[in-house]
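Taking it in order: structure first as C-alpha cells, then the write-up.
We count ligands from 1, going down the list as the structure has it; atoms in each ligand are counted the same way.
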Amino acid sequence: MSPNEATPDAVISELRQTLRGPLIGPDDTDYDEVRKVYNGAIDRHPAAVACVADVADVITAVNFARRHQIPLAVRGAGHHGAGFSVWDDSLVIDFRTQRSTNVDPTARTVRVDAGCTWGDVDHANGAFGLATPSGFVSTTGVAGLTLGGGTGYLTRHLGLTVDNLLSADVVLADGSFVTANAESHPDLFWALRGGGGNFGVVTSFTFRSHPVGEAGEVIGGPILYDIADAEEVFKWYRELIPTLPDDLNGWIGVLEVPGGPPFPEELWGRKVCGIVWCYSGSHDKADQVLAPIRDFGSPLLSGVAPMPFPVLQSAFDGLLPKGLQWYWKADIFEEITDTAIGYHRQYGESLPSSLSTMHLYPISGAAERVATDATAFAYRNGGWNGVIAGIDPDPANLGKITEWAKNYWEDLHPTSAGGGYVNMMMDEGHERVQAAYRGNYDRLVEVKRKYDPNNLFRINQNIVPA
Ligand SMILES: Cc1cc2nc3c(=O)[nH]c(=O)nc-3n(C[C@H](O)[C@H](O)[C@H](O)COP(=O)(O)OP(=O)(O)OC[C@H]3O[C@@H](n4cnc5c(N)ncnc54)[C@H](O)[C@@H]3O)c2cc1C
C-alpha cells in the first residue's frame, strides 16, 4: 500500500481534460478542503481528487490509475477511522456529489448513489415509513459501511446492511462495468457483502427497505446508569439480549454524559454505562416488550420514547462532528465474560476525554440466522461488534486517547472471538484483516485474484491476491 512517487503535473492535467466532474489538485483553492476526511488526525496529500460526475468518470479514473500505476483511493463519505479514502500521492475517486436516491415503495427497495450518507437514505425511506438497516449515526457513508458489513439499530430485526443488499453496480479493475447480484457475478456479490472496497468501485447500491415500527416511528433512546453499577448492568444485559424478540435491539457502552441539553445539568460530565434501545415492532406490543427494560435497576436517566427512525438514527450526530481526533480498535465478542465486564468498568472510570467511549453492538437475531459463509462477513454467532474509540477535538490529546484505546483493547482482546470488524479498525496489518474474515478469508483471496489480480484496489483493509 506504499504510495508511488508523486504524480507529474502533466499526467494529471491529461486526466482533467477527460473527466466531466472537477479534478482538484494541490494548486486548487479547495484542495485542502477536499483532502480532509472525517478523522481529524489524518492529514494526507493526494496527487488529485476526481469528483466524479457519473459512471463514465469512474471508468476513466480507474483506467487512468491502472495505466499510470497511480495508487487509487475511493471515497464514499470519508468516515473510515484509518482514512483509507484519501492517500498520499494517490488519485482519489470522490463520490461527494453523487447523492441521489430512488425509493420504490411498492417493491420496497431503494437505489442509492455511492456518495450518499445514511441520512440521505433514511430521509428517502422515511417518507414512506420504510427503513434500510444501517448503523447508529446518519453521517456515515453508505458505501464504506455497506461494503464492510453494517451493524446498527435494525440488525437484530432485519439483519446486517449486507443482508439487505440486493444488487451493486461496480466498475472493475480492468475498467469494465458489471452488476453484481444473486444471479449476475454471484462470487463478486458474495465478496462485496463484507469484503470492503477490495473488488471494484461500487457506483450504486440497491437495498431492501422495510416497514418499521408504526408508520416508520420506532420507540428508542438511551437509558443511563452510574458507572459504579456497570457489573450489574452488563451481567443483566448479556443474559437479557438473547431472550428478546428480534425487533428489540440495544447497544451497550461506557461513556461520559455530554455537557449540554437534552441531558440534565446534574449529569453533565458523569461517567456512566448506558444502553441505547430501539424497538422497531408494532406499538401495541411495546409495553409488554419493553417492560423488562423499564423495570430494571436504578437508572440516572431514561430517554426511551417514540420517534421517527431517522430521528433516532441521527440523535448522536451532533456530538460527533467531522474533524475530531479519532483512534479506534475493534474486536468481535461472542460472549461478554466477567473478566471483560471488569475491564469495562475500569476503563469506563478512566475515560481519557469526554467523547471517548466503548460500544458493543449486537450481531444477533436475524443477523445470526444467516450462515457464516453466506456473505463475506464472518462473525454470525450471536455476539457483539465491539469498538473502543478514543475521541477528542484537540490534536494535543491524540497520544492520550490512543494509549487508552490500545491498553483497553490489549486487556480485552483475550476475551474476544479473535478478529474485529474491518470498518472499525485502524490500518493494523494483514494478520488483523485475516482474523476479521476467519474461514471466509481464503475464498475472498480467490475472488480477489479473479477480479483484481494486480491489487489496484489496495488502499483499504487489504485482501492480498498473492
Ligand atoms: C461516527 C461513526 C459512527 C459509525 N457507526 C457505525 C455503525 O453504527 N455501524 C457500522 O457498521 N459502522 C459504523 N461506522 C464505521 C463505518 O462503517 C466506516 O467508517 C465506513 O467506512 C464508512 O463509510 P464511508 O463511505 O464514509 O467510508 P470511506 O472512509 O469513504 O471509505 C471506507 C472504505 O471503503 C472504501 N469505499 C468507499 N466507497 C467505495 C465505493 N464506492 N466503492 C468501493 N469502495 C469504496 C474506501 O476505499 C475505503 O477503503 C461508524 C463510523 C463513524 C466515524
Is there a heavy atom in Gly150 that sits closer than 4.0 Å to ligand 1? yes

Out of Phe136, Trp328, Tyr153, Tyr421, indicate the one that has the non-hydrogen atom closest to atom 51 (C) of ligand 1. Trp328

Centroid-centroid under 6.0 Å between Trp87 and Phe457 rings: no

Could you tell me which atoms of ligand 1, counted from 1 in the order shown, lie closer than 4.0 angstrom to a heavy atom of Phe84? 48 (C), 49 (O)

Are any of the N/O atoms in Asn423 less than 3.5 Å from those in ligand 1? yes

What's the shortest distance from atom 27 (O) of ligand 1 to any protein heavy atom, and which residue and atom give it? His79 N, 3.7 Å

NZ/Lys406: more than 12 non-hydrogen atoms of other groups inside 6.0 Å: no

What do you reckon, does Gly78 put a non-hydrogen atom under 4.0 Å from ligand 1? yes

Residue-level breakdown please: for Gln461 versus ligand 1, do any non-hydrogen atoms fall below 4.0 Å on the side chain, on the backbone, on both, or on neither? neither

Is the closest heavy atom of Phe457 to ligand 1 under 4.0 Å? no

If we number the atoms of ligand 1 from 1 as shown, the ones under 4.0 Å from a heavy atom of Asn460 are 49 (O)

Ion pair check, Arg99 and Asp120, cut-off under 4.0 Å: yes

Which heavy atom of the protein is the closest neighbour of atom 29 (O) of ligand 1, given with residue, atom name and distance? His80 N, 2.8 Å

Please tell me whether Tyr31 and His45 have a donor and an acceptor in their side chains that are separated by less than 3.5 angstrom. no

Atoms of ligand 1 under 4.0 Å from any heavy atom of Val202, numbered from 1 in the order shown, are 40 (C), 41 (N), 42 (N), 43 (C)

Does Thr203 come within less than 4.0 angstrom of ligand 1, counting non-hydrogen atoms of the residue? no

Below 4.0 angstrom, N of the basic side chain to O of the carboxylate: do Glu368 and Arg380 qualify? no

Determine whether the side chain, the backbone, both or neither of Tyr361 has a heavy atom under 4.0 Å from any heavy atom of ligand 1. neither

Nearest-neighbour protein heavy atom for atom 1 (C) of ligand 1, which is reported as residue plus atom name and distance: Tyr38 OH, 3.4 Å

For Arg438 and Glu334: C-alpha separation, side-chain torsions, deciding distance, then whether salt bridge (charged side-chain N to carboxylate O under 4.0 Å, His left out) applies. CA-CA 14 Å; Arg438 300 209 273 198; Glu334 283 169 349; 3.2 Å; yes

Is any side-chain heavy atom of Leu165 closer than 4.5 Å to one of Thr146? yes

Looking at Leu145, Thr155, Asn198, the heavy atom closest to atom 10 (C) of ligand 1 belongs to Leu145

Examine the side chains of Thr179 and Asp169 and answer whether a donor and an acceptor come within less than 3.5 Å of each other. yes

Contact (N/O only, under 3.5 Å) between Gly76 and ligand 1: yes

Any idea which of Thr161, Leu147, Val171 brings a heavy atom closest to atom 44 (N) of ligand 1? Leu147

Take every heavy atom of Phe199, measure it against each atom of ligand 1, and state whether any distance is under 4.0 Å. no

Of the protein's non-hydrogen atoms, which lies at the shortest distance from atom 25 (O) of ligand 1, and what is that distance? Gly144 N, 2.9 Å

List ligand 1 atoms under 4.0 Å from Ala77, heavy atoms only on the residue side. 24 (P), 25 (O), 26 (O), 30 (O)

For Ile459, atoms of ligand 1 separated by under 4.0 Å from a heavy atom: 47 (O), 49 (O)

Look at Lys36 together with Asp30 and state whether they make a salt bridge at an N to O cut-off of under 4.0 Å. no

If you look at every heavy atom in Leu145 and Thr140, which pair is closest and at what distance? CD1-OG1, 4.0 Å

Numbered in order shown, the ligand 1 atoms found under 4.0 Å of a heavy atom of Thr140 are 2 (C), 3 (C), 4 (C), 14 (N), 50 (C), 51 (C), 52 (C)

Can you check whether Trp251 and Tyr361 have ring centres sitting under 6.0 Å from each other? yes

Show which side-chain atoms of residues 49-66 pair as donor or acceptor with protein atoms under 3.5 Å away, not counting sequence neighbours.
{"residue": "Asp54", "atom": "OD1", "partner": "Ala56", "partner atom": "N", "Å": "3.3"}
{"residue": "Asp54", "atom": "OD1", "partner": "Asp57", "partner atom": "N", "Å": "2.9"}
{"residue": "Asp57", "atom": "OD1", "partner": "Arg20", "partner atom": "N", "Å": "2.9"}
{"residue": "Asp57", "atom": "OD2", "partner": "Arg20", "partner atom": "N", "Å": "3.3"}
{"residue": "Asp57", "atom": "OD2", "partner": "Gly21", "partner atom": "N", "Å": "2.8"}
{"residue": "Asp57", "atom": "OD2", "partner": "Ala53", "partner atom": "N", "Å": "2.9"}
{"residue": "Thr60", "atom": "OG1", "partner": "Ala56", "partner atom": "O", "Å": "2.9"}
{"residue": "Asn63", "atom": "OD1", "partner": "Arg66", "partner atom": "NH1", "Å": "2.9"}
{"residue": "Asn63", "atom": "OD1", "partner": "Arg66", "partner atom": "NH2", "Å": "3.1"}
{"residue": "Asn63", "atom": "ND2", "partner": "Ile59", "partner atom": "O", "Å": "3.4"}
{"residue": "Arg66", "atom": "NH1", "partner": "Ala173", "partner atom": "O", "Å": "2.7"}

Under 3.5 Å side-chain donor-acceptor pair for His413 and Thr415: no

Can a salt bridge be assigned to the pair Lys322 and Asp317 using a cut-off of 4.0 Å between side-chain N and carboxylate O? no

So for ligand 1, is Gly197 a polar contact partner (N or O within less than 3.5 Å, distance only)? no

Is there a nitrogen or oxygen of Ala114 sitting under 3.5 Å from a nitrogen or oxygen of ligand 1? no

Could you find the nearest protein heavy atom to atom 5 (N) of ligand 1 and give me its residue, atom name and distance? Met424 CE, 4.0 Å

Could you list the atoms of ligand 1 found under 4.0 angstrom from a heavy atom of Thr151? 7 (C), 8 (O), 9 (N), 10 (C), 11 (O)

Taking the side chain as every heavy atom from C-beta outward, state whether Phe333 and Leu412 have any pair of such atoms under 4.5 Å apart. yes

Would Tyr38 and His80 satisfy side-chain hydrogen bond (donor to acceptor under 3.5 Å, both in side chains), going step by step from the backbone distance to the final call? CA-CA 7 Å; Tyr38 178 81; His80 198 287; over 6 Å; no

Out of all atoms in ligand 1, which are within 4.0 Å of some heavy atom of Trp326? Include the element for each. 1 (C)

Quick one: does Gly200 get a heavy atom under 4.0 Å from ligand 1? yes

Examine the proximity of ligand 1 to Val74 and report which part, side chain or backbone, both or neither, has a heavy atom under 4.0 Å away. both

